Trainee: 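The structure follows.
Source: prediction; values computed, not measured. Just so you know, residue 1 is the first one in the sequence shown, and it goes up from there.
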Amino acid sequence: MEIESEELKDTGPVENAWSLKIPKFTPDDNPHGLLEESKFATLFPKYREQYLKECWPLVQKVLNEHQIIGELDLIEGSLTVKTTRKTWDPYIIIKARDFMKLLSRSVPFEQAVRVLDDEIGCDIIKINSFVSKKETFLKRRQRLIGPNGVTLKSIELLTECYVLVQGNTVSAVGPYKGLVQVRRIVEDTMKNIHPMYNIKSLMIKRELMKDPKLKNESWDRFLPNFKSKNVPRKQPKNKVKKKPYTPFPPPQPESKIDQQLATGEYFLKDDQKKAKHRHEKEEKQQQTKRAKEEARKKDFIPPEEKKYDNTLSNKAEVNINAFKAKMKKVAKSNNLFKKL
């Protein structure tokens, strides 16, 4: 009965699947090897060629440990991995394919080689399909990286994954539980949810796991809730006014021949046309010449002088009797001064 109960425990449902330990796969588990050859090829960009040439001996050494052949084709720009008759692990070819993908996507060899371990996986997330505008895409991608890469570093510390943001993809290498968290953070960030909400929730969950009292309770009351707000956007200064909708297409513009037919120029002979064009050209030259002469003469035209109005002085009436009396007083004062 005890043996049966132990077997039931092993085959029964598991509350925390992440706590299960995966047994290591050894050559004794598959002594006969593989019957068919599997092969995968991955293209790499031109700028990765120099780095791959330098680290290729290390790549071959790692692949040989798992009995897998790796080929580097610099002419086609491809990385190829294939199994041999001695390969015992059937899933290692998938791991080797992911290893080549990460190397071609600028992930360093030290981080990419971790994919070959059983408990480590990789995830390549495409982020260009979330946003249509390029400006918003660049802003949200930069938000994921953070100032001086602080946000990306905090994501790596909390999820225990190596994360590389480059181009239109995000490459992640780490444990499977961490890869799930990284994907959620990246997708939420590209959907205009700030990564700090997910980072805070991961930090709170880590602290709550340490408390045995709250282990079996719901943690929703502790986690931050994101509420989308309709923030009014800045309106453009010059708004383009839409023309009233008409179901009919605009009238077709007149061609050069139609214009010549309307003016009668179409029926002129070649000599007459040349003479007409010459006459029009001479008229234009004369007009420009006159305009230049007028502009030169402007400097020599004297400014208009201000005219003073002398009518006010003429209009003023002079009192003659008062003027005579004033002059008599002046004469008297002069005579007295002489006598003294």
Side-chain angles (χ1 to χ4, degrees), residues 18-19 21-22 24 40 42-45 47-63 65-66 68 70 72 79 81 91-128 130 137-138 140-190 193-203 205-206 209:
W18 299 111
S19 62
K21 290 184 179 180
I22 302 166
K24 194 173 182 181
F40 290 102
T42 307
L43 296 173
F44 63 87
Y47 63 85
R48 283 297 278 175
E49 185 178 320
Q50 186 64 32
Y51 181 79
L52 290 170
K53 279 164 67 177
E54 291 174 1
C55 71
W56 192 248
L58 295 170
V59 174
Q60 283 185 323
K61 185 182 177 183
V62 171
L63 292 174
E65 291 176 4
H66 299 278
I68 287 178
L72 174 64
L79 300 168
V81 285
Y91 192 70
I92 196 65
I93 187 65
I94 304 297
K95 293 267 189 182
R97 181 201 63 185
D98 295 341
F99 181 34
M100 295 297 112
K101 277 186 180 180
L102 292 170
L103 285 174
S104 64
R105 288 180 178 274
S106 300
V107 177
F109 170 78
E110 293 78 11
Q111 296 293 340
V113 77
R114 293 170 59 203
V115 188
L116 298 173
D117 297 338
D118 288 337
E119 295 179 358
I120 302 295
C122 76
D123 193 4
I124 296 166
I125 309 157
K126 289 187 178 181
I127 55 175
N128 59 342
F130 288 93
F137 168 74
L138 293 172
R140 290 179 190 180
R141 189 180 67 177
Q142 185 59 37
R143 192 184 295 168
L144 184 65
I145 298 165
N148 299 322
V150 175
T151 309
L152 199 66
K153 192 68 182 174
S154 59
I155 292 166
E156 288 180 353
L157 290 169
L158 289 167
T159 58
E160 298 177 0
C161 294
Y162 173 80
V163 185
L164 177 72
V165 181
Q166 188 174 14
N168 297 328
T169 57
V170 177
S171 304
V173 184
Y176 291 100
K177 188 177 181 180
L179 292 174
V180 174
Q181 294 168 348
V182 169
R183 178 170 274 276
R184 188 173 68 249
I185 292 168
V186 170
E187 288 181 354
D188 286 352
T189 306
M190 297 312 292
I193 298 171
H194 204 279
M196 278 317 297
Y197 287 99
N198 287 310
I199 289 167
K200 279 183 180 179
S201 63
L202 286 174
M203 290 170 71
K205 281 177 183 178
R206 181 177 278 191
M209 283 172 71

Trainee: Main chain of Asn168, side chain of Lys126: is a donor-acceptor contact present, judged purely on distance under 3.5 Å?
Mentor: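 Side chain of Lys126 to backbone of Asn168, a donor-acceptor pair under 3.5 Å: no, none is there.
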Trainee: How many angstroms lie between atom SG of Cys122 and atom CZ of Arg105, to the nearest 0.5 angstrom?
Mentor: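 Between atom SG of Cys122 and atom CZ of Arg105 there are 10.0 Å.
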Trainee: Would a distance-only check, ignoring hydrogens and angles, find a side-chain to backbone donor-acceptor pair under 3.5 Å from Arg143 to Thr151?
Mentor: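 Not a single qualifying donor-acceptor pair exists.
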Trainee: Taking all non-hydrogen atoms of both residues, which atom of Leu102 and which atom of Ala112 are closest, and how far apart?
Mentor: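 In terms of heavy atoms, the two residues are closest at CB-CB, 3.9 Å.
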Trainee: What I'd like to find out is whether the side chain of Cys161 reaches to under 4.5 Å of the side chain of Leu179, using heavy atoms alone.
Mentor: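 Of all side-chain heavy-atom pairs linking Leu179 with Cys161, at least one is under 4.5 Å.
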Trainee: Rounded at 0.5 Å granularity, tell me how far OG1 in Thr169 sits from CG in Leu164.
Mentor: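 The distance works out to 7.5 Å.
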Trainee: Are any of the side-chain heavy atoms of Ile93 and Phe40 separated by less than 4.5 Å?
Mentor: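 Of all side-chain heavy-atom pairs linking Phe40 with Ile93, at least one is under 4.5 Å.
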Trainee: Test side chain to side chain contact (heavy atoms under 4.5 Å, CB included) on Lys24 and Asp118 and set out the steps.
Mentor: CA-CA 8 Å; Lys24 194 173 182 181; Asp118 288 337; 4.3 Å; yes
Trainee: Do Arg140 side-chain atoms and Thr189 backbone N/O form a donor-acceptor pair below 3.5 Å?
Mentor: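 It does not hold such a pair.
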Trainee: How close do Leu158 and Arg206 get, heavy atom to heavy atom, and via which atoms?
Mentor: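 Taking every non-hydrogen atom into account, O-NH2, 3.3 Å.
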Trainee: Does Glu119 CD have over 12 foreign heavy atoms under 6.0 Å away?
Mentor: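 Check fails, neighbour count at 12 or below.
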Trainee: About how many Å separate CG of Leu58 and CG of Leu63, when rounded to the nearest 0.5 Å?
Mentor: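 Going from the CG atom of Leu63 to the CG atom of Leu58 covers 11.0 Å.
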Trainee: Check Arg48 against Val107 and note the closest heavy-atom contact, atom names and distance.
Mentor: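 Answer, listing the atom of Arg48 first, then Val107: NH2-O, 3.2 Å.
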Trainee: For residues Arg97 and Thr42, report the shortest heavy-atom separation together with the two atoms involved.
Mentor: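 In this case the closest contact between Arg97 and Thr42 is O-OG1, 4.5 Å.
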Trainee: Between Asn198 and Glu187, is any pair of side-chain heavy atoms under 4.5 Å apart?
Mentor: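 A side-chain contact is absent here, since even the closest heavy-atom pair is not under 4.5 Å.
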Trainee: Does the Lys53 side chain pair with the main chain of Leu72, one donor and one acceptor, at a distance under 3.5 Å?
Mentor: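 Not at all, since once roles are kept as given, no pair shorter than 3.5 Å links the two residues.
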Trainee: Could you give the distance from CE (Met196) to OG (Ser154), rounded to the nearest 0.5 Å?
Mentor: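 Rounded to the nearest 0.5 Å, the CE-OG separation comes out at 6.5 Å.
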Trainee: Does atom CG of Asn148 have more than 12 heavy-atom neighbours, drawn from other residues, nucleotides or ligands, at distances under 6.0 Å?
Mentor: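 Check fails, neighbour count at 12 or below.
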Trainee: Decide whether Gln166 and Ser106 meet the rule of one side-chain donor and one side-chain acceptor closer than 3.5 Å.
Mentor: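 There is such a pair (donor and acceptor under 3.5 Å, judged by atom type) between the side chains of Gln166 and Ser106.
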Trainee: Determine the minimum heavy-atom distance between Arg183 and Ile124, stating which atoms define it.
Mentor: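 Here Arg183 and Ile124 meet closest at NH2-O, 3.9 Å.
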Trainee: Has the side chain of Glu160 got a donor or acceptor atom that lies under 3.5 Å from a matching backbone atom of Gly174?
Mentor: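 Flag not set: sc Glu160 to bb Gly174 has no pair under 3.5 Å.
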Trainee: CD1 of Ile120 to OH of Tyr162: how many Å apart, nearest 0.5 Å?
Mentor: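 Result: 14.5 Å between the selected atoms.
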Trainee: When you look at Leu79 and Trp56, which way does the side chain to side chain contact (heavy atoms under 4.5 Å, CB included) test go after all the steps?
Mentor: CA-CA 10 Å; Leu79 300 168; Trp56 192 248; 3.7 Å; yes
Trainee: Apply side chain to side chain contact (heavy atoms under 4.5 Å, CB included) to Arg141 and Leu144, showing your working.
Mentor: CA-CA 5 Å; Arg141 189 180 67 177; Leu144 184 65; 5.6 Å; no
Trainee: Does the His66 side chain pair with the main chain of Ile68, one donor and one acceptor, at a distance under 3.5 Å?
Mentor: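 No: the side chain of His66 does not pair with the backbone of Ile68.
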Trainee: Taking all non-hydrogen atoms of both residues into account, name the closest pair between Val113 and Glu110 and its distance.
Mentor: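 Reported closest heavy-atom pair: CG1-O, 3.5 Å.
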Trainee: If you define the side chain from C-beta out and look only at heavy atoms, does anything of Phe99 sit under 4.5 Å from Phe109?
Mentor: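 In short, these two side chains touch, coming nearer than 4.5 Å.
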